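All remarks here apply to the structure that follows.
Remember, it's a predicted structure, so these values are computed and weren't measured experimentally. Computed from heavy atoms alone, side chains included, the values below leave out hydrogens, waters and symmetry copies. Every number for a ligand or one of its atoms is a count from 1 in the order of the listing.
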Amino acid sequence: MIDTHCHLNDSQFDNDLDRVINNFFLSGGSAMICVGADFQSSMKAKIIAESNDNIYYTVGVHPDDCDKFDQSELEDLIITKSDKLVAIGEIGLDYFHNKSNKAKQIEVFVSQINLAIKYNLPIVVHCRDAYQDVYNILKEYSPLKIGVVMHCYSGSLEFASQLIKLGVKLSFTGSVTFNNAIKVKEVAKNIPLDTFFFETDAPYLTPEPNRGKRNEPKNVFDTAKFVANLRAIDAQKLIEITDENAKKFFNIKAF
Ligand SMILES: [Zn+2]
């Protein structure tokens with residue numbers, strides 16, 4: 001199974017990264033995508049991907065860090081990519097943390113969408129309390145020339161349907177297993193099988209039954225099993241389908 005979004009580059013993994021990676025593959029995991037959130041973590045993601053089989057990476061600047069965005073710095077990192085670069089991300093809008101003003105966040109988001117189009121890479125979108133603005137921006141690019149995934153989807157089913165109409169994919173983290181996550185359970189239960197896949201967002205958002213502990217990629221199986229149960233479908237079957245969705249989306253050929 002693929003963990004399509006994890007932060008192996010987070011300092012919480014500095015002391016036992018090799019063990020965490022091994023745990024994932026020993027649990028039956030097949031590939032991981034290590035996601036960048038600023039220039040430093042994107043560099044680190046690249047190094048981790050290049051030194052491990054079946055680990056891929058993304059580069060991008062998260063809305064919380066958009067005051068540090070430097071277009072040419074990021075573009076250099078794209079130009080000097082290895083063949084394991086699979087997306088630009090995570091990028092987007094965060095009106096919950098609101099670390100910089102909306103106009104700046106939108107400017108940096110749009111710049112990175114344009115870079116993704118220029119280099120023909122899909123984007124991994126972080127969106128918090130900003131669904132309408134993200135939707136409006138994506139709609140301007142419709143029909144979408146690149147893949148777009150809403151990472152850690154937590155909006156309504158109605159919004160999910162609108163995004164899916166644009167061709168956007170959704171990915172679910174362990175947050176779907178939380179007791180109070182009623183809306184996102186409804187989404188995970190009802191959207192078409194070819195429109196979503198799974199991620200951990202480790203070290204954050206640990207799924208039940210380990211909620212509260214540090215998350216790691218091997219826990220992606222817990223989220224998939226939970227959603228399989230919601231949809232009354234065999235877990236192995238669901239994992240096969242969502243892995244195919246992810247491989248197609250990120251253009252991962254083999255592992
Ligand atoms: Zn993330």
Can you tell me, to 10 degrees, how wide the angle at the Zn ion (ligand 1) is between OE2 on E90 and NE2 on H5?
90°
F249 and F196 aromatic centres sub-6.0 Å
no
Is C6 close enough to the Zn ion (ligand 1) that one of its N, O or S atoms comes in under 2.8 Å?
no
Treat each ILVMFWY residue as a node, draw an edge where side-chain heavy atoms are under 4.5 Å apart, and state whether I239 and Y56 are in one component.
no
Over all atoms of both residues, closest heavy-atom pair of K247 and I2:
CG-CD1, 3.7 Å
To the nearest 10 degrees, could you say what angle the Zn ion (ligand 1) makes with OD1 of D201 and NE2 of H7?
90°
Count the heavy atoms of every other residue, nucleotide or ligand shown that sit under 6.0 Å from CG of N15, and state whether that count exceeds 12.
no
